[in-house]
Structures are given as C-alpha cells and as structure tokens.
Amino acid sequence: MFKKFFCFIILLVFSNCNKIIDNTEDKSLRKYAKNSNILIGTAIESIQLEDIKFAETLKREFNYITPENSMKWGFIHSKRYEFDFDRADKIVDFALKNNMKVRGHTLIWHIENPEWLLKLENDTSVNFENILAYHIKTVVKHYKGKVYAWDVINEALEYNRYKETFWYKNIGEDYIEKALKWTHKEDPNAKLFINDNMIEEINPKSDFLYELVNNLLSKNVPLDGIGFQFHLKLNNSLDMESVEKNIKRFLELGLEINFTEVDIETEGELTEEKLEKQATIYKKLMILVKKYDKVTAFTTWGLSDKYSWIVREYDNKNPGLIFDEEFNPKLAYYKIKEILQLP
Ligand code: G3I
C-alpha cells in the first residue's frame, strides 16, 4: 500500500516538473513578443555561445539574432579571393536550430574593412563595382533563405549629406542603389534595410535620409525598411515626440522600421535612480514598437552587460543592456515585458 502511495507521489512531482519549467519559459520576452508579432533580438559574437548561461538566456528570451561582427568584411572577407564563414555560420546554425531569425550585419560599412581592400583606394585600374558586387553576391548567396533581413548599408550618412566613405569615393553615391539591387537579385525574399545612427529624431540627418529613401522608392529600388540604431546615453535626453513623428513619416512611405542596436549607456556609479531612468526609456521605446505594426523589431546591441562593446571599447561597466553580468534580468527587462504583455 505504502509503495503504491510513494510511487503516486513521485509520479505527481515529475508530471508537474514540466509545468513548472514550462511556466518559467512561458513568461519570457520571446513568448510575449511572438504574441505581439514582434521580433525581439540581440547582437552576439559566436564565441559567446560557448557560455552555457548566455546560450540558455538567448534562446529563452529572444527570437532574432544579429551577428555583432562576424559578417563584416574584415571578418568574413579578410583575404581578397577567400571568405571565412565559420564564425557567422555558428551563429546562423544556432539561430535556425532554435527557430530564431537572423539579421545580416552588414554588407557595406566604412569601418572593419580588410587591408587588401583599403590598399586599393584610388587605384584607377580597379573596378570597385565588381569587387562590391562579388562580395555581396557571395555572402548573400551563402546565407540565402537563412538570413531574414540584411543591413545592406550601414552608417552611410554624415549630418545632412553622404559620408565620403571608401565606396562613395570609389563608386559614387549610386553605390547604395546598386548594392540594394544586387542583394535583392541574390535573395529576393530577404528584407533589405538601410541602417544608421543619429537618425531616430527629426533632424538634418534623418531629413536627408528621408529624401534619399523617397528618391530610391520612386525609382522602384528594392528597399524594405530603415534601421534606427538607438545607441543612447542616459543623460542625452531623447525627444520621443520627435522620434514618433519621424517613425510615422518613414512608415507612410510603406517602409518598416527596426530598432537595431539599442543600448542605453550610463556614466559613473550605477544607482537605482539611473536604473529607473534607463528602464523608462526602454519602456518608451517598446511602447512605440507595440503601437505601430510596421515597427517590427527591437534588438539590443548585446545580451548582457557582461559582453558589451561599450565595456570592451570604453571600459565603461554600465553599457545599459537588459541583463546584468550574471544574466539576471534588470528593471529594463521587466519594463519591456510589461509592454509586450499588453493585449
Ligand atoms: O576579433 C579580433 C581579435 O582577434 C583581436 O585580437 C582584437 C584586437 O584587435 O580585435 C578583435 O576584433 C574586434 C571586434 O570588435 C571583436 O571584438 C575589433 O578590433 C573591434 O573593432 C570590433 O569592434 C566592433 C565595432 O562595431 C567595429 O566593428 C564592436 O565589437 C561592435 O559592437 C561595433 O558595432 C557597431 C555596429 O556594427 C554598427 N553600429 C555601431 C556599433 C557600435 O560601434
């Protein structure tokens, strides 16, 4: 009799274990983002996947991954006639295995370019269009059907004009139009974005981008959306009214908006008050994502404060991500979730 009762208790406990685990998982950002048809993403390096707690938090809480560096020219095309897809493949394989989407970052940027390319600068015998087309076709073909959206162009603008980048100087301003067309031809299903910083509010830079985009669309150049990076500093106030007005004008062009590289850096000692203020800005940004159907993704530039470019580059221990160095959710995480849970 006692044996039967004991077995019954064991069975009861085990059968509920899954519910307890399920319940935990069900309360993730990923869960609520899915219900809201929002992509909740983060930028990662392939080496970070070897950190068990990192990988667990990543696949539990997020449904969208951006390779932070491994798809940039300097990493994927460091030798002229050779491509190194290993690091980026690790990230893409992890994402597909865990039913997550991938944002390709980035096919064209003026930073992280390999020596062999920079050495060709001003060499009039070189056909730079061929070099750029060869890179785009090779990389996009390799990730065809695996990359959901591409940052085709990253940070091409300066204030109210084109940044005089390597490609601008060696091909001309229509390198943007050509790159969008080459990318679309190689993977017609991938969504194509122009990604930039300091364009989040209405200002001369976002005005210039608006005119550029309007012009591209009037020529039926394939373009699906704009990436607003949102690298913010806690003490630089963001005019949310101007951000919303800016979002609306780009949406009215039939484009999508993605928040692509969100972090809210805090200076000095991290206080409750600063964490509150940081969480409030995250909340306000998520309110905009939730409010507009065509604002379709929210990506933080790093998963936890343990791994942030701000820590690596500026030695500032407060990069302002939503998980702390031990992968514990910060106040910002709960504020984002609060909005994602809303009907
Ligand atoms: O991997 C090499 C390592 O082998 C080498 O020993 C080490 C020392 O030089 O460098 C390592 O590469 C560094 C890489 O980050 C990986 O840590 C590069 O030097 C460093 O320049 C690179 O910085 C990245 C930066 O873009 C430039 O590519 C940051 O991690 C990355 O967060 C940052 O991200 C950019 C977005 O792409 C575009 N928007 C702004 C954002 C922040 O700057």
Side-chain angles (χ1 to χ4, degrees), residues 41-51 54 58 62 64-79 82-91 102-118 135 139 147 149-159 163 165-167 176 179 192-200 205-206 209 225-234 236 238 257-266 285 297-323 325:
T42 191
I44 75 166
E45 295 268 31
S46 52
I47 189 107
Q48 294 158 1
L49 294 172
E50 293 164 19
D51 179 332
F54 178 95
L58 176 63
F62 297 92
Y64 200 24
I65 295 180
T66 303
E68 184 177 357
N69 291 302
S70 50
M71 284 186 177
K72 292 170 181 172
W73 277 69
F75 291 89
I76 211 165
H77 195 176
S78 56
K79 299 191 180 72
E82 268 179 53
F83 288 80
D84 173 2
F85 293 111
D86 287 0
R87 270 176 295 229
D89 283 355
K90 280 200 184 82
I91 296 174
V102 176
R103 183 186 190 82
H105 178 82
T106 176
L107 294 170
I108 302 179
W109 194 23
H110 62 286
I111 294 177
E112 217 63 74
N113 286 316
E115 273 313 302
W116 69 263
L117 179 69
L118 300 174
H135 177 87
V139 175
V147 162
W150 279 102
D151 284 332
V152 179
I153 321 280
N154 187 48
E155 298 170 17
L157 306 183
E158 190 84 70
Y159 194 59
K163 203 175 268 173
T165 64
F166 176 91
W167 298 111
I176 294 177
L192 309 186
F193 283 76
I194 292 178
N195 190 49
D196 215 321
N197 52 37
M198 319 290 271
I199 55 166
E200 296 87 357
K205 190 173 181 181
S206 61
L209 177 63
I226 305 297
F228 287 8
Q229 290 186 3
F230 282 110
H231 286 292
L232 307 173
K233 291 187 185 311
L234 197 63
N236 288 7
L238 195 62
I257 296 277
N258 281 184
F259 295 359
T260 55
E261 306 186 15
V262 186
D263 48 22
I264 307 177
E265 184 183 354
T266 55
L285 292 178
F298 184 100
T299 291
T300 59
W301 202 244
L303 186 151
S304 106
D305 291 347
K306 182 178 179 182
Y307 299 117
S308 164
W309 69 288
I310 294 172
V311 177
R312 286 197 303 271
E313 304 226 352
Y314 305 111
D315 197 25
N316 175 354
K317 294 273 176 286
N318 303 314
L321 295 166
I322 62 175
F323 288 91
E325 295 182 352

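Counting starts at 1 for both ligands and their atoms, following the listed order.
Protein residues with any heavy atom under 4.0 Å from ligand 1: Glu45, Glu68, Asn69, Lys72, Phe75, His105, Trp109, Glu112, Asn154, Glu155, Gln229, His231, Glu261, Trp301, Trp309, Arg312, Glu313.
Judged purely by distance below 3.5 Å, without hydrogens or angles, the side chains of Asn154 and Gln229 pair a donor atom with an acceptor atom. No side-chain donor-acceptor contact under 3.5 Å links Thr299 and Thr260.
For Glu265, the salt bridge (charged side-chain N to carboxylate O under 4.0 Å, His left out) test picks out Lys233, with sequence neighbours left out. Annotation: ring-ring contact (aromatic ring centres under 6.0 Å, His included) contacts of Phe193 (sequence neighbours excluded): none. Listed by chain and residue number, Asp51 satisfy the salt bridge (charged side-chain N to carboxylate O under 4.0 Å, His left out) test with Lys306 (two or more places apart in sequence, or in another chain).
Residue Ile47 qualifies as open at atom CD1: its count of foreign heavy atoms under 6.0 Å is 12 or below.
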